Amino acid sequence: DPDNDTLTYGLKLLNDQNSDVLEFTDITEETYTVTGLLYGTKYFWQVSASDGINNPTLSEIYNFETLEYPDNRIFFTRKVNGNNVIFSTDGVGNEFQLTSETSNSWNPRKANTIDKIAFLRSNGGETHVYTMDLDGDNVFQVTNTISVNGFNLEEIDFAWKSNDTQILYPNFDKLYQVTTSGASLSQVHQTSNGNFVTEIDWNENTSRIALKTNDNSGYNVEIYTINTSGVLQQTILTGELGAAGGLDYSFDGNTLLYTRDLSGTENPQY
C-alpha cells in the first residue's frame, strides 16, 4: 500500500470435487492455516488485500492438491466439546476426523469386506446404528423402527454379521439383526431372566454369537453363546460379582476373550 495503511486480507478456496467455497476474511497476518480440507482434492485459492479505503487488490489464482486418503486401520472415539467424535489413525500419530463435532457419534466398528464403518449416533432422543465410508462420507442410518437401547448407551456394543451383510444390535433384553440397507429387521434372541443385552460378538467361522448381559445397574453379568436361531450353546460366566465385558472372539471362534473385575466391586455409579 503506497500510503502505508494497515492491510487486512481475505482468502478464498474452491475445489474440483464439489461446489463448496471456503472464504476467510479480516485476516491480519500474512500466514494463514486452513484445516479440514478434503483428501485427494485439487484446490484453487486466491488472496485479496484491502486498506479499507480503496477497492481490494486480488492475487493471481493458485492451486495445490491434497494427499490421498490414508489407509488408516485404527478407529476410535474422543470427546470434543461434549460430544463423542470418531477419528481414524495410522498408528504413528496421523489422525483424520470422520464425524462432526456437532453430532454425538461413537463405537466405530469396521467391516473389512465392504470397507464400511458402522457406529452409534444420537438422533433426537434415540440412538441408532449408522454406516459410513472409511473417510466419513456417505453416512446412512441403518436402524429406524427399533432403536439401540439398554443399560448404558456408552457401554452398549453391536456386531457385523454374515460376511458384513447384517448387523446385530441390542434393545434392552432383546437381540435384533438388521440388513445393512435397513430393509429387513428380525428378533434373534431374548434373555430368559430379563437381563439387558449389552455386548455382542459374532464369529464367521462357527456362526456363533457371544453375548454379555447384565441387570439395569450393569451387574449380575452373564456371558454365553447362542446359535443363529437364538438357542443357548454354552454358558461362559454367571454368578460372579462385579463388572465384566470386552467380548472378542478369536479368528477361528474357538476362544473368547473377555474381562472381569476380580475384586467383585459393585457401586451405583457402575
Side-chain angles (χ1 to χ4, degrees), residues 77 84 104-109 111 118-123 125-131 141-162 164-180 182 184-204 206-250 253 255-261 266 268-270:
T77 302
N84 292 301
N104 190 35
S105 309
W106 70 101
N107 217 354
R109 294 288 180 266
F119 62 99
L120 301 181
R121 171 171 286 179
S122 299
N123 184 341
E126 296 183 333
T127 296
H128 286 280
V129 178
Y130 288 74
T131 59
Q141 182 176 335
V142 178
T143 57
N144 288 280
T145 56
I146 298 178
S147 65
V148 178
N149 217 329
F151 138 72
N152 182 324
L153 289 173
E154 292 201 358
E155 296 286 336
I156 284 179
D157 204 356
F158 61 93
W160 290 95
K161 176 180 179 287
S162 301
D164 300 332
T165 62
Q166 298 174 315
I167 292 174
L168 294 163
Y169 75 96
N171 180 278
F172 296 111
D173 63 339
K174 299 179 179 66
L175 176 70
Y176 290 91
Q177 68 179 23
V178 60
T179 56
T180 52
S184 177
L185 173 70
S186 60
Q187 181 179 318
V188 177
H189 177 72
Q190 184 172 12
T191 63
S192 60
N193 58 0
N195 263 8
F196 297 163
V197 178
T198 301
E199 294 186 24
I200 307 158
D201 197 27
W202 156 264
N203 184 262
E204 196 76 43
T206 63
S207 295
R208 294 285 179 88
I209 303 167
L211 299 177
K212 172 226 167 176
T213 72
N214 49 260
D215 61 22
N216 59 8
S217 298
Y219 302 114
N220 187 30
V221 173
E222 291 188 349
I223 296 176
Y224 56 90
T225 62
I226 59 174
N227 62 19
T228 53
S229 299
V231 177
L232 177 68
Q233 301 297 294
Q234 183 180 7
T235 298
I236 297 168
L237 179 70
T238 187
E240 298 285 353
L241 294 175
L247 303 186
D248 192 8
Y249 265 121
S250 62
T255 307
L256 183 70
L257 178 72
Y258 66 94
T259 64
R260 182 166 73 86
D261 183 357
E266 297 186 0
Q269 291 75 38
Y270 188 62

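Keep in mind the model is a prediction, meaning the values are calculated, not measured.
Going from atom NE2 of His128 over to atom OG of Ser122 covers 10.0 Å, rounded to the nearest 0.5 Å. In this structure, CZ on Phe172 lies 7.0 Å from OG on Ser147, to the nearest 0.5 angstrom. Distance CD/Gln177 to OG/Ser186: 4.0 Å, rounded to 0.5 Å. Here the straight-line distance linking atom NZ of Lys212 with atom CD of Glu155 works out to 6.0 Å at 0.5 Å rounding.
Listed here is the closest heavy atom pair of Trp160 and Ala111: CE2-CB, 3.3 Å. Residues Phe158 and Arg109 share a closest heavy-atom pair of CZ-CG, 3.6 Å. Between Gln166 and Thr180, the shortest heavy-atom distance links the atoms N-CG2, 4.2 Å. Nearest heavy atoms, Leu211 versus Ile209: CD2-CG2, 3.8 Å. Looking at every heavy atom in both residues, Thr77 comes nearest to Ser105 through CG2-O, 3.9 Å.
Sorted by first then second residue, the ring pair (Phe, Tyr, Trp, His ring centres under 6.0 Å) pairs that include residues 213-239, not counting sequence neighbours, are His189-Tyr224, Tyr219-Tyr270.
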Donor-acceptor contacts, no H, no angles, side chain residues 192-199, under 3.5 Å, sequence neighbours left out:
{"from": "Asn193", "atom 1": "OD1", "to": "Asn195", "atom 2": "N", "distance (Å)": "3.0"}
{"from": "Asn195", "atom 1": "OD1", "to": "Asp215", "atom 2": "N", "distance (Å)": "3.4"}
{"from": "Asn195", "atom 1": "ND2", "to": "Thr213", "atom 2": "OG1", "distance (Å)": "3.1"}
{"from": "Asn195", "atom 1": "ND2", "to": "Asn220", "atom 2": "O", "distance (Å)": "3.1"}
{"from": "Thr198", "atom 1": "OG1", "to": "Asn214", "atom 2": "OD1", "distance (Å)": "2.6"}
{"from": "Glu199", "atom 1": "OE1", "to": "Gly246", "atom 2": "N", "distance (Å)": "2.6"}
{"from": "Glu199", "atom 1": "OE1", "to": "Leu247", "atom 2": "N", "distance (Å)": "3.1"}
{"from": "Glu199", "atom 1": "OE2", "to": "Gly246", "atom 2": "N", "distance (Å)": "3.3"}

Residues 234-243 side chain polar contacts: donor-acceptor under 3.5 Å, at least two apart:
{"from": "Thr238", "atom 1": "OG1", "to": "Glu222", "atom 2": "OE2", "distance (Å)": "3.4"}

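With sequence neighbours excluded, the residues that form a side chain to side chain donor-acceptor pair (under 3.5 Å) with Thr206 are Asn203. Every residue two or more places apart in sequence or in another chain was checked for a side chain to side chain donor-acceptor pair (under 3.5 Å) with Thr165, and none qualifies. Scored by the ring-ring contact (aromatic ring centres under 6.0 Å, His included) test, Phe119 finds Tyr130 as partners (sequence neighbours excluded).
The closest donor-acceptor contact from the side chain of Asn107 to the backbone of Ile156 lies under 3.5 Å. Side chain of Thr127 to main chain of Val148: no donor-acceptor pair is present (N/O by atom type, distance under 3.5 Å, no hydrogens or angles). Listed for the Thr259 side chain is a donor-acceptor partner under 3.5 Å among the backbone atoms of Gly245. In terms of modelled atom types and a separation under 3.5 Å, the side chain of Lys161 and the main chain of Trp202 share no donor-acceptor contact. No donor-acceptor distance shorter than 3.5 angstrom exists from the side chain of Asp173 to the backbone of Gln190, with no hydrogens or angles considered. Checked by atom type and distance alone, the side chain of Ser184 never pairs as donor or acceptor with a backbone atom of Thr179 at under 3.5 Å. Under the 3.5 Å distance criterion, the side-chain polar atoms of Ser250 are matched with a main-chain donor or acceptor of Thr255. A donor-acceptor contact shorter than 3.5 Å links the side chain of Asp201 to the backbone of Tyr249.
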**Request:** Tell me, with the steps shown, if Leu120 and Tyr169 meet side-chain contact (heavy atoms from CB on, under 4.5 Å).
**Result:** CA-CA 10 Å; Leu120 301 181; Tyr169 75 96; over 6 Å; no
### Task
Mind running side chain to side chain donor-acceptor pair (under 3.5 Å) on Asn104 and Asn84 for me, showing each step along the way?
CA-CA 5 Å; Asn104 190 35; Asn84 292 301; 3.0 Å; yes
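Between Leu185 and Ile146, the closest side-chain pair of non-hydrogen atoms falls below 4.5 Å.
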